[in-house]
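Every chain is numbered from 1, with letters handed out A, B, ... down the list of sequences. This is a predicted model, so every value here is computed, not measured.
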Number of protein chains: 2
Amino acid sequence: MKEGPDIAQIGALIGDPARANMLAALTGGRALTATELAAAGGITLQTASAHLSKLETGGLLTQRKQGRHRYFTLADEAVARLIESMMGLAASRGHLRHQPGPKDPALRKARICYDHLAGDYGVRMLDSLVASGSIDAIGDGLAVTAKGESQLQCIGIDVGCLKSSRRPLCRSCLDWSERRAHLAGSLGRALLSNFMEKGWARRMPESRSVIFSPDGERQFLKLFPLES
Amino acid sequence: MKEGPDIAQIGALIGDPARANMLAALTGGRALTATELAAAGGITLQTASAHLSKLETGGLLTQRKQGRHRYFTLADEAVARLIESMMGLAASRGHLRHQPGPKDPALRKARICYDHLAGDYGVRMLDSLVASGSIDAIGDGLAVTAKGESQLQCIGIDVGCLKSSRRPLCRSCLDWSERRAHLAGSLGRALLSNFMEKGWARRMPESRSVIFSPDGERQFLKLFPLES
DNA sequence: GAGATGCTTCGGTTAAGATCGAAGTATGAA
DNA sequence: TTCATACTTCGATCTTAACCGAAGCATCTC
């Protein structure tokens, strides 16, 4: 019965709590140093170093030396998707790491998922884009319509330019807190960075939370209204 | 940094080689007894029993007593999808459990993926359905067209009936051997069982391989032609 | 150069858990 | 009732690997 690829290796890599915490931290999309990841994993630097080299040879991480720092990132979007989908499964089975604390509501409201917006606001944005006819949805598949392309142009996003990249434009990503889809892909990334450039939202340091300014929140809710 | 669901638990469950083998065996879709799973994992019955109860309390498996047998199945399709996507990632990182053996080509040609057809033939079938306009594809999303509905009726599949179930009709599932999508969901299941009822194909015991009869293969290839 | 910072390697300890033998429980067959 | 089969529980062993202290290497600052 030795058939197919070896999932145990990958499972074991994710299966250690310290490594899982480091991977979850990297799901925030930022490149982090070994020292930062050691803190995220709650372990000393030596131990983290060993873990990181395992994760790298396992193909889940890539590193990039910059001066005396060593920055780690998830190897690619496929890894990020796997982590997120495991979070979804874990949440649905009730494997929670923590009792809902004060930080939790902010995280459920809006957070970074690799490089795009997730949480209540992420789900709302996609719902609104679909309802307004800017994005076509068939099952899990998403595509920008001609109408959507021109509307996104108004916000300041050049869809034609995004299309030329190798990365998929739209992708649906399952939200572990909302258990519904939000928008990933290069468009998801472009939208979030657009909000941050405009000063509508900013990232919290040391966390995946995304905080909207009062005015930014107003604009966002107006731009992406909900059907009632 | 204690945010979100605990992926380490699930990772650790999959991370043990014996458990991973048992889960992979269950990806074949059949309900298996503890004894069969012990063989699949290459361990004794006592050890398997301990593993199985862990997998069950972890929410990855469900069991059903029948006489003095105890049948185990993957808890739901979400688990099956996670396993398959981990296989995809593992394959793309070169984590292979075995040197390509004689059984391998058959497995790459056609195999069971939970309850639908995967491998070269599975990918071909979806490609052909899309090319003929029976299925619309946007990104990863799939939907049966009106034309497709009537064509499937001719084969003997009642799409309207499938639609009424809670399970999604079409879903794309990433093939680890082909690295392209094949058709899952209730329609994927219905198609495979249709082929088996007609005697076109049958399952190999103890394996995920699907073997086509000479005539069945001819019919299948005619029904799902490739663009050239 | 001297010193500080970021990270890796080495060595030894320790804890977790995978494993199996043996014995116990439940179900079915004779 | 008696025996066989399917599985679980208990107890003990043993391997794996996570962990940290200490020392070493590389890079930057001064």
Side-chain angles (χ1 to χ4, degrees), chain A residues 1-2 6-26 30-73 95 97 206, chain B residues 1-2 6-26 30-73 95 97 206:
Chain A
M1 287 305 286
K2 296 262 167 62
D6 187 5
I7 57 175
Q9 277 187 40
I10 293 189
L13 284 174
I14 303 177
D16 179 80
R19 283 195 294 258
N21 283 334
M22 294 196 276
L23 289 169
L26 286 169
R30 269 200 265 253
L32 298 175
T33 65
T35 310
E36 290 171 315
L37 286 168
I43 47 179
T44 61
L45 190 53
Q46 311 94 289
T47 312
S49 178
H51 282 311
L52 289 170
S53 70
K54 280 184 193 175
L55 286 170
E56 198 192 356
T57 58
L60 299 188
L61 254 49
T62 50
Q63 58 158 313
R64 165 167 53 92
K65 268 186 92 166
Q66 213 167 84
R68 57 181 159 178
H69 293 272
R70 190 158 287 202
Y71 283 96
F72 291 86
T73 336
H95 298 308
R97 240 187 330 193
E206 314 281 318
Chain B
M1 290 307 285
K2 296 260 167 63
D6 187 5
I7 57 175
Q9 278 187 37
I10 293 190
L13 283 175
I14 304 178
D16 178 80
R19 282 195 293 257
N21 284 334
M22 294 196 277
L23 288 169
L26 285 170
R30 268 199 266 254
L32 298 175
T33 65
T35 310
E36 290 170 316
L37 286 168
I43 47 179
T44 61
L45 189 54
Q46 311 94 288
T47 312
S49 178
H51 283 312
L52 289 170
S53 72
K54 280 183 193 176
L55 287 169
E56 198 193 355
T57 59
L60 300 187
L61 253 49
T62 50
Q63 58 158 312
R64 167 166 52 92
K65 268 188 90 165
Q66 214 167 85
R68 56 180 160 181
H69 293 273
R70 189 158 287 200
Y71 285 96
F72 290 87
T73 336
H95 298 308
R97 243 188 325 192
E206 313 282 316

Can you tell which of C:dT8, D:dC19, D:dT8 lies closest to the side chain of A:Ala18? D:dC19

Take the protein atom CD of B:Gln46 and the nucleotide atom C1' of C:dG24, then report the distance between them rounded to whole Å. 13 Å

Spacing of A:Leu52 atom CG relative to D:dA18 atom P, expressed in whole Å: 12 Å

Give a yes/no answer on whether the side chain of B:Thr44 brings an N or O atom under 4.0 Å of OP1 or OP2 in C:dC20. yes

Counting the atoms with a prime plus P, OP1 and OP2 as sugar-phosphate, which does B:Ser53 contact under 4.0 Å by heavy atoms, base, sugar-phosphate, or nothing? nothing

Spacing of B:Arg19 atom CZ and B:Leu13 atom CG [to the nearest 0.5 Å]: 5.5 Å

Specify the separation, in whole Å, of atom CE of A:Met22 and atom C1' of C:dC7. 14 Å

For the side-chain contact (heavy atoms from CB on, under 4.5 Å) test, which of A:Leu37, A:Leu61, A:Thr62 pairs with A:Leu55? A:Leu61

Establish, with yes or no, whether the OP1 or OP2 oxygen of C:dC20 is under 4.0 angstrom from a side-chain nitrogen or oxygen of B:Thr47. yes

Nearest to the A:Lys54 side chain among C:dA18, D:dA17, D:dC19, which nucleotide is it? D:dA17

Using whole Å, report how far CZ of B:Arg19 lies from P of C:dT19. 8 Å

Testing C:dT19, C:dA22, C:dT8 for proximity to the side chain of A:Ser49, the answer is C:dT8

Distance, rounded to the nearest Å, where B:His51 contributes NE2 and C:dT19 contributes P: 4 Å

Verdict with reasoning, A:Leu52 to A:Gln63, per side chain to side chain contact (heavy atoms under 4.5 Å, CB included): CA-CA 9 Å; A:Leu52 289 170; A:Gln63 58 158 313; over 6 Å; no

Are side-chain heavy atoms of A:Tyr71 and A:Thr33 found at a separation under 4.5 Å? yes

Rounding to an integer number of Å, can you tell me how far A:Asp16 CG sits from C:dA15 P? 16 Å

Could you give the CD-to-P distance, from B:Glu56 to D:dT8, as a whole number of Å? 9 Å

Residue pair A:Glu36 / A:Arg30, side-chain heavy-atom distance below 4.5 Å: no

Nucleotide of D:dA17, C:dT8, D:dC7 approaching B:Leu45 most closely (side-chain heavy atoms): D:dC7

What are the residues of residues 63-71 of chain B, sorted by number, that bring a heavy atom to within less than 4.0 Å of DNA chain C? B:Lys65, B:Gly67, B:Arg68

Quick check: closest heavy atoms across A:Ala31 and A:Arg64, and the distance to 0.1 Å? CB-NH2, 3.5 Å

Atom CG of A:Asn21 and atom P of D:dC19 are separated, to the nearest Å, by 10 Å

Any side-chain heavy atom of A:Leu60 within less than 4.5 Å of one from A:Ile14? yes

